[in-house]
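Before any comments, here is the structure.
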Amino acid sequence: MASSIVELKVNGDTVEVAAPDHFTLLEVLRYRLGLTGSKQGCDKGDCGACTVLVDGEPVLACLTLARLAVGHEVTTIEGLMPAHLRAGGTGADPVQEAFDRCGALQCGFCQPGMMLSARALLDREPNPSRAAIKGALSGNLCRCTGYTQIIEAVETAIAASTERAPDGGSR
Amino acid sequence: MQGFDLATPTTVDEAVALLAREGSLAIAGGTDLLPNIKHELFEPRTVVALGGIEELRGIELESDGTLSIGATTTLAHVAAHDEVRCRATALAQAASLVAGPQLRTMGTLGGNVLLDTRCQWYNQSYFWRQSLGFCLKKDGSVCHVIESGSKCVAAASNDTAAPLLTLDAELEFASNTGRRRLPIAELYKSDGVANLRKEPGELLVRVRIPALETGRERLGAYGKLRERGSIDFPLLGVAVRLDVVDDRIVHAALGAIALQARPLALQKAAAALIDAPASGPGFDDAVLACAAAAARQLHPVANVPGDAQWRKEMAPVYVRETVRAARAGTGPVHGR
Amino acid sequence: MGARDQHGVDAPWVDPARSSTNGADGFAVVGRRNRKIDGLSKATGAAVYADDIALPGMLHAKFVRSTKAHARIVSIDTSAALALPGVHAVITGKDLPINYGVIPWTPDEHALALEKVRFIGDEVAAVAAIDEETANRAIKLVKVEYEDLPAFLDPEEALANPTPQIHATPKKPERGNVSKHVLLEFGDVDGAFEGAAAVVAGEYSFHGTTHAAIEPHCAVAQCSPDGNLTLWSSTQITHYVHRALAHVLELPPARIRVIQPCIGGAFGGKSDPFGFEFCAAKLAQITGRPVKMLLTREEVFYLHRGRHPMQLAYRTAADADGKLRGVDAKILIDGGAYSSFGLVTTYYSGQLLGGPVHLPTYRFDSTRVFTNKPPCGPKRGHGSVQPRFAFEIQLDELAHELDLDPIELRRRNFQGEHVETVNGQRITSNGFLACLDEVERASGWKERRGKLPHGRGLGVAGSMYISGTNYPIYPNDMPQAGIQLKVDRSGLVTAFTGGNDIGQGSSSVVRDLVAEELGMDPADVRVVASDTDLCPVDLGAYSSRVTFMVGNATIDAARALRRRIVDAIAAEWEIDARRIFMGGGTVFDLEDRDRLVTTREAFQIAEARLDTLGSTGSYNTPTLGGDYRGGTIGASPAYSFTAHAVEVSVDEETGRLTVENCWIAHDCGRALNPMLVAGQMEGSAYMGLAEALFEVHDVNRFGLHSGPSLLDYRMATTVDTPELHALIVESLDPEGPYGAKEAGEGPLHPALPALSNAVFDAVGVRLRHLPFTPGNVLRELRAARATSQRERASC
Ligand SMILES: Cc1cc2nc3c(=O)[nH]c(=O)nc-3n(C[C@H](O)[C@H](O)[C@H](O)COP(=O)(O)OP(=O)(O)OC[C@H]3O[C@@H](n4cnc5c(N)ncnc54)[C@H](O)[C@@H]3O)c2cc1C
Ligand code: SF4
Ligand code: FES
Ligand code: FES
């Protein structure tokens, strides 16, 4: 089976990895690049734990061939805080911060995917309704929280960003 | 996952040349192909990625009002696109209910149209199927749904097939011998092993939805039965199209999926609506007659993992509610 | 600490001058929504879980699993697998022949099947190879020849047929396929039923469900050249894995180190020592390379140990005023292929019904049988969720028959505080009445129940649960929980605890208790947890014991340390120790507040005056439980109490139940961190409701798991989860750490019966058989309608 050097753009960096053609983005991130923040809960598209952003959109890394991410911007959970710092922010990304503040992180295993789904939602729509939040997170299974504190966290992140941008605009 | 080579053509010609080779399969979003490879249901030698081909992308309104949707347009785009929502409401609604949000961001319309049929005895790992002794769709010789049967009845589970059927969509295929257009009604056959009248090397290029005759108002809606409010495949899907002139239904079409290998056109049910008033008691009666006719035609079997008896009982309910939703301009019908 | 020492429920430092560092209740740290100790590391992806570990030269191992439900192994040929390039070792049952079981009395498991396989998915051989793909190819090359045996998929069938035995008991063949039988009677039950004004009787069934933690199980094993073994495993009980490894691998325990890294959910499903742990370790020994064994999601369903399906027949007798007279239960438990915790499950199926309502007499007769299915075990609310389901519906039926409000019925039968249950369990604090009040108020019960439009209804249910048990799985007199504190001159205190943080936040609780006791900033406390080389033993995260037991041990250790520091400072300042106060990161003289040092300086003074600073603390339960066989099982130093009110909409045409709201009132003693407590309450209620509405863990007619995936095992998503309202009740338990009790399992129990009771309020139909999938509900509604029509026709 063919292997090749894949040039990926991950969290702002361009990185080269050798991987067989059939490797998924999740395998490359976790087992080649050591970016183990993206989790594997099923490896079949059923749980959402492996959610990463490709060009800002949430996708399942377990069903994405790594080579097909070439030419696209991949953002993993490890990328959020550095991006926030680069943009002049302090501490973690407001979504991460809110998830921590609200106790949404129990075992934490579903949460990298969950937070990236939330991040993509807020980038697209800075002030979504509760129903829209639930809808946007409905492809991320969480077994610990009953989702209540997760939804609270997203609402907290919204409140925090609308506070900072008094016009209610994006963060 | 078993290994394969990946090819990344940038034109249709390159792609069809690659697809013409034995053991090649196309990958669009990969959300069906990759699980199937992981389950060792498909064993491609080469996987041909379609994402780099410009001609397969985008939604356009052609000059005659035809809506042309590139095969690799994602379901999320289809669901959110204004022209689709207005001209093919049921399609937009169906696309909005496929799987969950990430899978709609990845999955494409083309991949959905060409989705492999599904069955609880089939969409399983190699180990599981080996313990079962396999089934005739793959590696085995018996069917576990219809035990005396000689035909696979795995279910067409692609949500968008039902609305596309009602909208008389036309499919443009390319192969290394040229191009052809095929009405979607002719694409599917009732063989669960391979329910597509399509050569393995053929590439779906675009899906076209013809314009409506002038003077008609086109209404549509989609109803999807599933246990959860997200992620799950349909246990039943019903699409409705109503063309209305002067408050009279001049044309109606219903399509249903997740029953058997072929998405079904419910002609008798549609006939109950044609020429009926589009409002008032006449409409109400026609809706009930339509639902009753649909119930006679819909016989879910225990192919997909869900309560077959419940699916059967829900058929007339979902038909009724989806027709009503189409008329009312609401929908989708979901979660009832 | 001695079992009966008590720490009290008050804050350790209440400044008479009301220092600004303390809250109104006197606590500085406890009782606040403190962030979790590992929250940001989890939020940023830095937290390391078992599968995130990669060691140089690491091999990957995979199982060959049984394709047969019940069969004798005739032969195993591993030669082709061994010949595959990249394969380093293949092991079979013969390589790990020592049997084990988490319960020492029922050691019926082997790391790999020895002579027989007992369900489809049972582990037969393991292969280690350079990567997962090679290992996956190799397992297909292992040829196993089987001789089929009749398989039992139905517990009644297994009970009725003593042969073939799924587990041979040569000395007692008459046991057949019974795994455990318990018959206990307290008081004169038959007498109580005679002359009762009302008797309700019914049959209930609880289907199989599983934990489905999002992290699949994983272990990494490494052997040092000198033969020491380290195992990182996604276990919730490091100590039992440690013991079991020593036993099965025949290694001295001192040569084994077990570490639990971050764990992606457990819920009981990571409590047993498992084959993947033994095999990873054995393969590491054989190959001299680190070995990782990561299960696929499908394999997790075979590993299972989830909720036991139960068929429950209940009778409850009461006086005309609703006062209960007795309960009589007969339960058939489907155990699956192995014992796991099943002995305890069988007791729990009856032992945890002694509250919150008083049962004057009680009998239960529970039988667990083996079947050829994935083994059942402890799942959140181990063994007691099923009987609670039946009983709380019975109470609703009784209320209906006696025309009493179901909340009022429960109030009338409230057992009270500081009482003993009919089965000899000591109840201490009991906030159940307050729980009832809370859900009554929050749900608008008085105004709305019975008055909502047809199709919408409210239901209530209650429950109790243990905060750990004094039955320590293997009998021993050592403490159940131990803590060591180490003090650094930098001002840092490190707590070493064997307690397993499985996401519930136990390490955060340890941090907060240390900070509270020493008047420190919690950020200056680190916690090292669940590493058998570094940490004193704790019995692990099960039975909801951690906050209670580890919490008490922590306070014990922190107080010992505090005494030393306070004495040292008092000596330094030449004042009475009672004048020394630790708070706000400082140590000062209460009578001369300007005499003040930072905690760091205080540590240095103490170290100079005394010695290298540290302390230990421990907890053991007092002697508890009834004086009869099994009397200690379910005997807990404190019980939590819960009441739920559920609001449901019933679509009578589709059978779909939509839970609109769930109010969860839970007496957790004291909420050491209300944010964590609420998270446990919401997560519990979510899980209970999802089990009731969506989830089914079962096998099909071939004995194959009916859907071993997170697609077919349908866990509720955000859009399927109702609004959950956590209402915390604090009863301040005299023996809990500052009064705290458990919160992680109790609040699951009432969800299912409260839902059933709400459906009765909505449409007048009793749902007694889980799961409440729409198809099932529709059939029940129809059957009820048919019965009522027949009844109307006949009168
Ligand atoms: C958890 C889960 C839930 C799901 N739920 C649903 C659901 O509710 N409803 C539903 O309909 N689907 C569902 N799906 C299936 C799938 O996500 C969608 O059907 C999706 O639209 C498939 O599109 P794709 O682009 O990913 O297809 P791919 O996986 O890329 O392709 C599917 C098939 O079509 C072929 N193909 C794709 N494009 C072309 C082309 N242009 N020309 C020729 N051949 C082509 C491929 O070779 C393959 O055989 C679900 C999948 C998962 C994993
Ligand atoms: S219907 Fe299902 S079991 Fe029958 S042959 Fe088709 S896939 Fe196999
Ligand atoms: S790991 Fe990708 S969806 Fe579960
Ligand atoms: S926090 Fe554990 S699965 Fe979501």
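Letters A, B, ... mirror the listed sequences (proteins, then strands); counts begin at 1. The shown structure was predicted, so the numbers you read here are calculated from the model rather than taken from an experiment.
- One finds the CD1 atom of Ile151(A) at 7.5 Å from the OG1 atom of Thr721(C) (value rounded to the nearest 0.5 Å).
- Among the candidates Met81(A), Met115(A), Met114(A), the residue making the largest number of heavy-atom pairs closer than 4.5 Å to chain C is Met115(A).
- Both the backbone and the side chain of Arg101(A) have a heavy atom closer than 4.5 Å to some heavy atom of chain C.
- For Glu298(C), no part lies under 4.5 angstrom from a heavy atom of chain A.
- Side-chain atoms of Lys42(C) come within 3.5 Å of backbone N or O of Gln106(A) as a donor-acceptor pair.
- Ranked by heavy-atom pairs shorter than 4.5 Å toward chain A, the options Gly265(C), Ala726(C), Pro216(C) are led by Pro216(C).
- To the nearest 0.5 angstrom, Thr44(C) atom OG1 is 11.5 Å from Glu97(A) atom CD.
- Contacts of Leu711(C) with chain A are made by both backbone and side-chain atoms, with heavy-atom separations under 4.5 Å.
- When each of Ala46(C), Ala54(C), Gly264(C), Ala685(C) is scored by its heavy-atom pairs under 4.5 Å with chain A, the top score falls to Gly264(C).
- Within the 4.5 angstrom heavy-atom criterion, atoms from both the backbone and the side chain of Leu141(A) approach chain C.
- Ser138(A) touches chain C through backbone and side chain together, each having a heavy atom under 4.5 Å away.
- Proximity to chain A (any heavy atom under 4.5 Å) is shown, for His725(C), by neither the backbone nor the side chain.
- Residues Phe267(C) and Cys144(A) form a side-chain contact, since some pair of their non-hydrogen atoms from C-beta on lies under 4.5 Å apart.
- For the pair Glu215(C) and Arg143(A), the minimum side-chain heavy-atom distance is 4.5 Å or more.
- Between the side chain of Tyr147(A) and the backbone N or O of Ala716(C), at least one donor-acceptor pair lies under 3.5 Å.
- Contact annotation: the side chain of Asp46(A) never approaches that of Arg297(C) to less than 4.5 Å [non-hydrogen atoms, C-beta and beyond].
- Gln96(A) places a side-chain N or O within 3.5 Å of a backbone atom of Ala43(C) that can act as its donor or acceptor partner.
- Heavy atoms closer than 4.5 Å to chain A are found in the backbone of Ile263(C), but not in its side chain.
- The distance from atom CG of Leu137(A) to atom OG1 of Thr718(C), rounded to the nearest 0.5 Å, is 6.0 Å.
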- Derivation of the side-chain contact (heavy atoms from CB on, under 4.5 Å) call for Ser709(C) and Lys44(A): CA-CA 9 Å; Ser709(C) 68; Lys44(A) 292 202 299 202; 4.2 Å; yes

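- A salt bridge links Asp52(C) with Lys39(A): the closest approach of a Lys/Arg side-chain nitrogen to an acidic carboxylate oxygen falls below 4.0 angstrom.
- In summary, Glu132(C) and Arg30(A) do not engage in a salt bridge, as defined by a charged side-chain N under 4.0 Å from a carboxylate O.
- Both the backbone and the side chain of Asp51(C) come within less than 4.5 Å of a heavy atom of chain A.
- Nearest approach of Gly45(C) to Ile77(A), heavy atoms of both residues: CA-CG2, 3.6 Å.
- Neither the backbone nor the side chain of Thr296(C) has a heavy atom closer than 4.5 Å to any heavy atom of chain A.
- Of the two parts of Gln111(A), neither the backbone nor the side chain holds a non-hydrogen atom closer than 4.5 Å to a non-hydrogen atom of chain C.
- Looking at Ala212(C), the atoms closer than 4.5 Å to chain A (heavy atoms on both sides) sit in the backbone and in the side chain alike.
- Here the closest non-hydrogen pair linking Leu724(C) and Gly146(A) is CD1-O, 3.7 Å.
- Of the listed residues (Cys102(A), Pro112(A), Gly135(A), Ser38(A)), the one with the most heavy-atom contacts under 4.5 Å to chain C is Cys102(A).
- Contact detail for Ile502(C) and Cys107(A): the closest heavy-atom pair is O-CB, 3.9 Å.
- Only the side chain of Leu294(C) comes within contact range of chain A, judged by heavy atoms closer than 4.5 Å.
- Of the residues considered (Met687(C), Arg380(C), Gln504(C)), Met687(C) shows the highest number of contacts with chain A, using heavy-atom pairs under 4.5 Å.
- For the options Glu133(C), Lys36(C), Glu682(C), His211(C), heavy-atom pairs under 4.5 Å to chain A are most numerous at Glu682(C).
- A donor-acceptor contact shorter than 3.5 Å links the side chain of Gln149(A) to the backbone of Met675(C).
- Two residues are said to be in side-chain contact when any heavy atoms from C-beta on lie closer than 4.5 Å; Glu723(C) and Arg130(A) meet this criterion.
- A distance of 9.0 Å separates CG in Asp38(C) from CG in Asp100(A), rounded to the nearest 0.5 Å.
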